[in-house]
Enquirer: 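Just passing along the structure, written as structure tokens.
Just so we're clear, the structure is a prediction, and the values are computed from it rather than from any experiment. Letters A, B, ... are given to chains in the order of the sequence lines, protein chains preceding strands, and every chain is numbered from 1.
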2 protein chains.
Amino acid sequence: MGRKPTGRPTSFDIAYAAGVSQPTVSRALRGDRSVSEKTRQKIEQIARDLNYTVDKNASSLRSQRSNTIALLFFEDPTPDETMINPFFLAMLGSITKATADEGLDLLISFQRMEDDWHVQYQDSHRADGLILLGYGDYTKYRERMDQLARQGTHFARWGSVSSDSSGVTVGTDNVEAGRLAGEHLLDQGRKRIAFLGHADDHYPEFNGRYRGLCAAMRKAGIEPDDSLQVDALTTEEEGRQAAKTLLDRGAEFDAIFAASDLIAIGAMRALADAGLSVPGDVAVVGFDDIPSASMTTPPLTTVMQDIRGAGQILVETLLAQVEGRDLPPRKLPGKLIVRGSSVA
Amino acid sequence: MGRKPTGRPTSFDIAYAAGVSQPTVSRALRGDRSVSEKTRQKIEQIARDLNYTVDKNASSLRSQRSNTIALLFFEDPTPDETMINPFFLAMLGSITKATADEGLDLLISFQRMEDDWHVQYQDSHRADGLILLGYGDYTKYRERMDQLARQGTHFARWGSVSSDSSGVTVGTDNVEAGRLAGEHLLDQGRKRIAFLGHADDHYPEFNGRYRGLCAAMRKAGIEPDDSLQVDALTTEEEGRQAAKTLLDRGAEFDAIFAASDLIAIGAMRALADAGLSVPGDVAVVGFDDIPSASMTTPPLTTVMQDIRGAGQILVETLLAQVEGRDLPPRKLPGKLIVRGSSVA
DNA sequence: TTTCTTGTTGTGAACGTTCACTGTTGTTTT
DNA sequence: AAAACAACAGTGAACGTTCACAACAAGAAA
């Protein structure tokens, strides 16, 4: 029936069987409206019978569109390489769904920041665009992003939304979310609120959360105490260390707002080790609402980010960019999830 | 410099700049040894200067090899679509690493079992092979796998290792792991051990774990009591329900071996609700060692699967298959992680 | 009737590689 | 010194689509 006795059928085989030309097959299967309904159905039927599928490579090569996006996690190297930040893992689920809804394929990669790989994804036509998820020292990533932007690579990033970085960014309104957390703690009568997490511009998301907390405190007539802010990255261990530092210093505090749940969980361990009760002695609020947050004792109060919305908006934003119409950066609201760690 | 005033450089541009023919460029960049060292270096240099990368689509089209594998999660539909089983999420990390090490790209998809999509991944030349991760009613998946095998699709699956299913499977030695868990509980002096999880052939992994438990008990001279086995799927809620069923029934038991950590966590909640202490009244052992397992109170004793090894072996196995040499199925050992939920 | 649409299909080329051969050197063997 | 063989590079075609354009029919407008 086909030209070749062996191998997968091609559009030529379908065309032959349907008695039309090969490009007509291509058009029909793509849903091009210039093909009559009758021939389209006939072609679709034959394609199904012969178990034919369009060759993705040939299609992408010719059309210069891969209908694929690459999801790149970039982070500072960690000891355990296969361990992924739980928050981004959740994001992955949402992005997968969003890409599937748009009929896109999703490539993923966890290349470390040292590698140049991510730069090549679009150049090599593997993907039409990139979604970047990352954490760690922001200033290190900026350079890469500028490079990507210069090369005309399409990408959308999850992170702190500001105008100073190249590329479109989607992220939670961290300042507002920090304010929510702060107000909640103040409502519980807490007055000396510690912040665990880096608070300088190298970590703009954490910085925003801290600024939100400070704003809430000032509004309540309390001047934030800088000595209650301790640097920490998003790991349980750093959270434990940070809380320990605070305790060793003899600092007085009745609440902790941690920049992430992992930090909060680590901090709770340190508090338990020191014989302090949560929320009795110290109320704790985290950020992210990772699955483990509800497993702790007491369950952790935290700020949930709109993960589902995030994935969808990231994909939308990226797709728009690929198609030449740029969408503006977007800020998503965070939502306070009150659990036992902050209320009596 | 090139033939075209605009757009990405092609291998022709590199060839022109290097004063060689275009196929030589292709050969050089592929590392073909029939290109002299000198010209290879020259070509590589020029390629770097011109920011050239090989077009993945053209390359894959011509060579009929995409150097990409697709990772497909298939599961029975759940209420929250973006929620992914934590164990498979961990597996994802390991598979990503393994594919990166082999220089492969990784496509992922969470298509539900209803869809036919997964069948098309290889046909459309998107991927050279498939890795299947899934849970739920096994008998439903068998049919699909037989279909894949019939079509000559290359795939490797994570799950229960047995000879009866088509395709190569890699998995933990569930019987042995179940025995480990059982022996541990028996060592703690427990005699009436309940099993929470489906134990019929529709769920061969859980079934293996149960058989292992039974074997350990018989070896210790205790005949397993069927009434202490309660069906449950891998969710916290089902675990809670299962434990509640057991309690409502007035069953006597001093230990629970849950077929997964999520089930175990749910069961611990039910025990707490009933005023029973862990491990005082009931010792609990889970399976998987998901991140949350160490967060519970008390921390959960569990069986850790060799996730890192799993990813590597799955990729190896699949790659071998693609290259025409079949590797045998593999069983990986599980490792007991003793925490507070099972020892006093 | 003639001309212009509109809808549908066919034609030839192009996307950017890799593959299978054919040449061309220069070196080794007989 | 002729023949044989490497080692390397070039030539033409092929992979399976999609694109731009031409061509044809049938009905509408002139």
Side-chain angles (χ1 to χ4, degrees), chain A residues 2-4 6-44 46-47 50-68 120 122-126 128, chain B residues 2-4 6-44 46-47 50-68 120 122-126 128:
Chain A
R3 306 169 306 165
K4 306 220 312 242
T6 176
R8 296 173 54 240
T10 74
S11 50
F12 282 95
D13 300 319
I14 310 301
Y16 179 85
V20 298
S21 73
Q22 177 270 331
T24 299
V25 172
S26 171
R27 281 189 283 249
L29 296 177
R30 247 178 307 139
D32 189 312
R33 319 199 350 156
S34 77
V35 174
S36 75
E37 186 61 19
K38 208 181 99 207
T39 52
R40 213 205 68 219
Q41 292 198 342
K42 185 170 167 191
I43 287 171
E44 278 178 349
I46 294 175
L50 298 187
N51 234 305
Y52 167 79
T53 34
V54 175
D55 184 302
K56 192 78 193 319
N57 297 312
S59 168
S60 298
L61 171 59
R62 181 60 243 237
S63 66
Q64 300 288 59
R65 189 87 146 55
S66 64
N67 283 310
T68 300
Q120 301 198 355
Q122 188 182 318
D123 280 1
S124 63
H125 281 236
R126 258 189 271 266
D128 298 329
Chain B
R3 306 170 307 164
K4 305 225 311 249
T6 174
R8 297 172 52 238
T10 73
S11 51
F12 282 94
D13 300 318
I14 310 301
Y16 179 83
V20 297
S21 74
Q22 177 269 331
T24 299
V25 172
S26 171
R27 280 189 283 250
L29 295 177
R30 247 178 309 140
D32 189 312
R33 318 199 349 157
S34 77
V35 174
S36 75
E37 187 61 20
K38 209 180 97 205
T39 52
R40 214 206 65 218
Q41 291 198 343
K42 185 170 167 191
I43 287 172
E44 279 178 349
I46 294 175
L50 298 187
N51 233 306
Y52 167 79
T53 34
V54 176
D55 184 302
K56 191 78 193 319
N57 297 312
S59 168
S60 298
L61 171 59
R62 181 61 244 236
S63 66
Q64 300 289 58
R65 189 87 144 60
S66 64
N67 283 309
T68 300
Q120 303 199 351
Q122 187 182 318
D123 280 0
S124 62
H125 281 233
R126 261 188 271 265
D128 297 329

Enquirer: Closest approach to the side chain of B:Y52, judged atom by atom: which nucleotide of C:dT17, D:dT17, D:dT11 is it?
Expert: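 Side chain of B:Y52 sits closest to C:dT17.
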Enquirer: Does any non-hydrogen side-chain atom of B:L61 lie less than 4.5 Å from one of B:N57?
Expert: no
Enquirer: Over how many whole Å does the gap from A:R40 atom CZ to C:dG7 atom P extend?
Expert: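 For the pair A:R40 CZ and C:dG7 P, the rounded distance is 17 Å.
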Enquirer: Taking it one step at a time, do B:S60 and B:H125 satisfy side chain to side chain contact (heavy atoms under 4.5 Å, CB included)?
Expert: CA-CA 8 Å; B:S60 298; B:H125 281 233; over 6 Å; no
Enquirer: Among the candidates C:dT17, D:dA20, D:dT17, find the nucleotide nearest to the side-chain atoms of A:R27.
Expert: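 Nearest listed nucleotide: D:dA20.
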Enquirer: Taking the minimum atom-to-atom distance to the side chain of A:F12, which one of D:dT17, C:dG10, D:dT11 wins?
Expert: D:dT17
Enquirer: Want to settle it: does B:G19 or B:L61 sit nearer the 5' end of DNA chain D, counting the closest nucleotide to each?
Expert: B:G19
Enquirer: Of the options D:dG16, C:dC19, D:dG10, whose atoms approach the side-chain atoms of B:S63 most closely?
Expert: C:dC19
Enquirer: Just to be sure I understand the rule, does B:T39 reach a base, reach only the sugar-phosphate, or reach nothing, if contact means heavy atoms closer than 4.0 Å?
Expert: sugar-phosphate
Enquirer: Nearest whole angstrom, please: distance from the P of C:dT17 to the CG of B:L29.
Expert: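 In whole Å, C:dT17 P and B:L29 CG are 9 Å from each other.
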Enquirer: Among the candidates D:dG12, C:dT17, D:dG16, find the nucleotide nearest to the side-chain atoms of B:P23.
Expert: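 The listed nucleotide nearest to B:P23's side chain is D:dG12.
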Enquirer: Among the candidates C:dT17, D:dT17, C:dC19, find the nucleotide nearest to the side-chain atoms of B:R30.
Expert: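 The listed nucleotide nearest to B:R30's side chain is C:dC19.
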Enquirer: Starting at NE2 of A:H125 and ending at P of C:dT17, how long is that distance when rounded to a whole Å?
Expert: 9 Å
Enquirer: Measure CD/B:Q64 against P/D:dT17 and give the value in whole Å, please.
Expert: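 To the nearest whole Å, that distance equals 10 Å.
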Enquirer: Among C:dT17, C:dT8, D:dG16, which nucleotide sits nearest the side chain of A:S34?
Expert: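 Closest of the options to the side chain of A:S34: C:dT8.
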Enquirer: C:dG7 P sits how many Å from A:R33 CZ, rounded?
Expert: 9 Å
Enquirer: Could you check whether any side-chain N or O of B:R8 sits under 3.5 Å from a backbone N or O of A:D123, counting only pairs where one atom can act as donor and the other as acceptor?
Expert: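 Between the backbone of A:D123 and the side chain of B:R8 there is a qualifying donor-acceptor contact (under 3.5 Å).
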Enquirer: How long is the line joining CG of B:D13 and P of C:dG16, in whole Å?
Expert: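 Whole-Å distance recorded here is 9 Å.
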Enquirer: I want to verify a distance call: between D:dG12, C:dT17, D:dC8, whose nearest atom is closest to the B:S36 side chain?
Expert: D:dC8
Enquirer: Verify, without hydrogens or angle tests, whether B:K56 (side chain) and A:Q122 (backbone) share a donor-acceptor contact under 3.5 angstrom.
Expert: no
Enquirer: Could you pick out which residue, A:E37 or A:Q22, lies toward the 5' side of DNA chain C when each is mapped onto its nearest nucleotide?
Expert: A:E37
Enquirer: What's the CG-C1' distance between A:N67 and D:dT17, to the nearest Å?
Expert: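 Rounding to the nearest Å, CG of A:N67 and C1' of D:dT17 are 14 Å apart.
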Enquirer: Look at the side-chain N and O atoms of B:T24 and state whether any lies under 4.0 Å from the OP1 or OP2 oxygen of D:dG10.
Expert: yes
Enquirer: May I ask you to evaluate whether B:S59 reaches the phosphate of C:dT17, defined as a side-chain N or O under 4.0 Å from OP1 or OP2?
Expert: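 So the side chain of B:S59 is outside the cut-off, no N or O lying under 4.0 Å from OP1 or OP2 of C:dT17.
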Enquirer: Side chains of B:R126 and B:T68, heavy atoms from C-beta outward: is any pair under 4.5 Å?
Expert: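 No, their side chains stay 4.5 Å or more apart.
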Enquirer: Provide, to the nearest angstrom, the distance between the CZ atom belonging to B:R62 and the P atom belonging to D:dC15.
Expert: 7 Å
Enquirer: Could you tell me if the side chain of A:I46 sits less than 4.5 Å from the side chain of A:I43, heavy atoms only?
Expert: no
Enquirer: What's the closest nucleotide to the side chain of B:D55 if the choices are D:dT17, C:dT9, C:dG16?
Expert: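 Between D:dT17, C:dT9, C:dG16, the one nearest the side chain of B:D55 would be C:dG16.
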